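Okay, so here's the structure we're looking at.
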Amino acid sequence: MPLMTAKEYIESLRRLKTRVYMFGEKIDNWVDHPIIRPSINCVAMTYALVQDPRYEDLMTATSSLTGRKVNRFTHLHQSADDLVKKVKMQRLLGQKTASCFQRCVGMDAFNAVYSTTFEIDEKHGTHYHENFKKFLIYVQDHDLTVDGAMTDPKGDRSKAPHQQTDPDLFVHVVERRPDGIVVCGAKAHQTGSINSHWHIFMPTIAMGEADRDWAVSFACPTDADGLYMIYGRQSCDTRKLETGGCIDQGNAKFGGQEALVVLDHVFIPNEYIFLNGEYEFAGMMVERFAGYHRQSYGGCKVGVGDVVIGAAALASEYNGVEKASHIRDKLIEMTHLNETLYSCGIACSCEGCPTKAGNYQIDLLLANVCKQNITRFPYEIVRLAEDIAGGLMVTMPSEQDFTSETVVGRNGETIGDICNKFFAGREGVSTQDRQKIMRFLENICLGAAAVGYRTESLHGAGSPQAQRIMIARQGNIQGKKELAKLIAGITRDSE
Ligand SMILES: Cc1cc2nc3c(=O)[nH]c(=O)nc-3n(C[C@H](O)[C@H](O)[C@H](O)COP(=O)(O)OP(=O)(O)OC[C@H]3O[C@@H](n4cnc5c(N)ncnc54)[C@H](O)[C@@H]3O)c2cc1C
């Protein structure tokens, strides 16, 4: 089957019976809903760029399972070069959308589940790896978007799944049948879940024997019986419902999306199960998925950062300050921070190595260092962007004011005339362009896109402490002590 075009992808969503709720109501035509559509356009870009010969090398790969050409978002990484191309592809997508394009969670889940199922089968003689391979071939051949669903609501964070008052706070098996399992629970914060054809569910923490029923991973169609989603709010989201122009949205074309995905007694046939009670592998699946996803951010957030830096540079020009030395220096600092993030994404890819199953895994220490920096640098980048933009970014009247013909002045000036007079910047720059760049920056610094650029940078792929735990585990302090002892001439072990 040929790879899908953007248009075909959008049409394919219409054929699903996905259940979506927003503002307390069921949304029937969610594909064309003004709040949801920008996030669909974003995923559509992962299909559109495949059709552009300039990006073929980055956007496509040869399937290790079938030898056929696939969208790189469905690929199992076969080399360090594949891992590097993944990061470059994500930077490209970030540059084209200035948003979270959502499809990477599925790609990261594919690679984590592929290698983990191999090792579960090796120990337990199960058939999860074969199940997964068959599923992935189907995904690759139909060029599907798949959500990587890991984060459970988790209730009381100090308690294990089996200790929660409500067992549904972690996804779990409620019934085991000869032909499959029945699952209940939910996954919170699911990026792109409504825009996905299928979901892969994975555990969210390492588990013990008492959590056996919660140690479960499986694939499930997005419109499965018993599965539904409640759409997540974003700051300023109702601006998308306003009529009379779209400048105030900042980025009317693209956006991200998160939702609560609920599983209410969903039946999962055996062939789609990838983990079912082998609790000691829950931690491996989490660690691997998180590792790939922490690498991802060294690409996607960098691409968005490129656009933020560009927008800040434009704002400085429109304000007439682009030659000021401190402005230039701030743009240098933003670039330095952004490229440092990229360096981390590239480094953990170059240092990748093969798993037992044969696909390539990033260097886990460097991927965690990458993500730890991601929890900080985008915040500094937007702080500098806000500094350069000036206060207008958050105090400017609405687009309707700029076009209003209501007379307010003594000489018949309209509200629009007054706005255009007082919000003019440097000569030769249209006030509307200045308005557009200010709104764009507002959107990314504290509007709807800030979900993807700021808070997702902090919590997505795990909160900062999760990376510090991994850094502590991988950092090999003992080995470093030996290095110091050798050079310092210390031969005795400490008491
Ligand atoms: C925009 C966005 C997109 C996301 N997309 C996805 C997605 O596509 N798929 C997916 O599976 N997940 C996704 N996530 C979820 C993300 O992985 C979680 O937000 C993250 O793991 C943190 O979990 P939490 O939000 O429940 O916060 P919490 O776990 O409540 O963390 C809040 C704070 O409490 C601390 N804490 C939590 N538990 C403990 C503990 N036991 N002991 C000590 N301290 C603790 C944390 O370190 C943190 O400082 C997304 C999140 C965001 C914000």
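Whatever order the structure lists them in is the order used to number ligands and atoms, beginning at 1. Here the structure is a predicted model, which means the values were calculated and not measured.
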Before accepting this row, confirm whether a basic side-chain N of the pair Glu258/Lys187 lies closer than 4.0 Å to the acidic partner's carboxylate O.
no

Assess Gly462 for proximity to ligand 1: is some non-hydrogen atom of it under 4.0 Å away?
yes

Is there a donor-acceptor pair closer than 3.5 Å between any side-chain N or O of Asp152 and the backbone N or O of Val171?
yes

Polar contacts were defined as any N/O atom of the residue lying under 3.5 Å from an N/O atom of the ligand; does this apply to Asp147 and ligand 1?
no

Using side-chain contact (heavy atoms from CB on, under 4.5 Å) as the criterion, point out the one residue from Leu227, Thr222, Asn195 that pairs with Thr18.
Thr222

Taking distance alone, with N or O pairs closer than 3.5 Å, would you say Gly148 contacts ligand 1?
yes

Would you please say whether a donor-acceptor pair under 3.5 Å links the side chains of His77 and Asn359?
no

Answer with side chain, backbone, both or neither: which part of Ala466 has a heavy atom less than 4.0 angstrom from an atom of ligand 1?
neither

For Met150, the ligand 1 atoms with a heavy-atom partner under 4.0 Å come out as 10 (C), 11 (O)

Nearest non-hydrogen protein atom to atom 17 (O) of ligand 1, with distance, is Thr151 OG1, 3.3 Å

Between Lys187 and ligand 1, find which residue part has any heavy-atom pair under 4.0 Å and reply side chain, backbone, both or neither.
neither

Under 4.0 Å from any heavy atom of Ala461, which atoms of ligand 1 are there?
17 (O)

Do His75 and Ser63 have side-chain N/O donor and acceptor atoms under 3.5 Å apart?
no

Per-atom contact, atom 34 (O) of ligand 1, protein heavy atoms, under 4.0 angstrom:
no

Give the atom numbers and elements of ligand 1 that come within less than 4.0 Å of a heavy atom of Val451.
1 (C)

What is the nearest protein non-hydrogen atom to atom 31 (O) of ligand 1, stated with its residue, atom name and distance?
Ser463 OG, 3.9 Å

For ligand 1, is there an N or O atom under 3.5 Å from any N or O atom of Gln190?
yes

Taking the basic N atoms (NZ, or NE/NH1/NH2) and the acidic carboxylate oxygens, is any pair closer than 4.0 Å for Asp32 and Arg14?
yes

If you scan protein heavy atoms around atom 18 (C) of ligand 1, the nearest is His459 O, 3.6 Å

Among Thr116, Val113, Asp108, which residue satisfies the side-chain contact (heavy atoms from CB on, under 4.5 Å) criterion with Arg288?
Thr116

Does the side chain of Asn251 pick up a donor-acceptor pair with the side chain of Asn443 at under 3.5 Å?
no

Test your reading of the structure: does Ala188 have an N or O sitting under 3.5 Å from an N or O of ligand 1?
no

Distance below 4.0 Å between atom 44 (N) of ligand 1 and any protein heavy atom?
no

Do protein heavy atoms approach atom 20 (C) of ligand 1 to less than 4.0 Å?
yes

Which atoms of ligand 1 are found less than 4.0 Å from any heavy atom of Gln465?
47 (O)

Can a side-chain donor-acceptor contact be found between His172 and Asp213 if the only test is distance below 3.5 angstrom?
no

Can you pull out the closest protein heavy atom to atom 4 (C) of ligand 1? Residue, atom name and distance to 0.1 Å, please.
His189 O, 3.2 Å

Just by distance, no angles: are the side chains of Ser296 and Gln90 close enough, under 3.5 Å, to form a donor-acceptor pair?
yes

Please list the nearest protein heavy atom to atom 36 (N) of ligand 1 with its residue and the distance rounded to 0.1 Å.
Arg157 CG, 4.8 Å

List the closest protein heavy-atom neighbour of atom 2 (C) of ligand 1: residue, atom name, distance to the nearest 0.1 Å.
Glu456 CG, 3.8 Å

Strictly by modelled atom types, are Gln295 and Ser349 linked by a side-chain donor-acceptor pair under 3.5 Å?
yes

Charged N to carboxylate O below 4.0 Å: is that the case for Asp121 and Lys123?
no

Looking only at distances, can you tell me whether any N or O atom of Thr191, backbone or side chain, sits closer than 3.5 Å to an N or O atom of ligand 1?
yes

Assess Lys154 for proximity to ligand 1: is some non-hydrogen atom of it under 4.0 Å away?
yes

Counting only heavy atoms not in Lys154, do more than 12 sit closer than 6.0 Å to its NZ atom?
yes

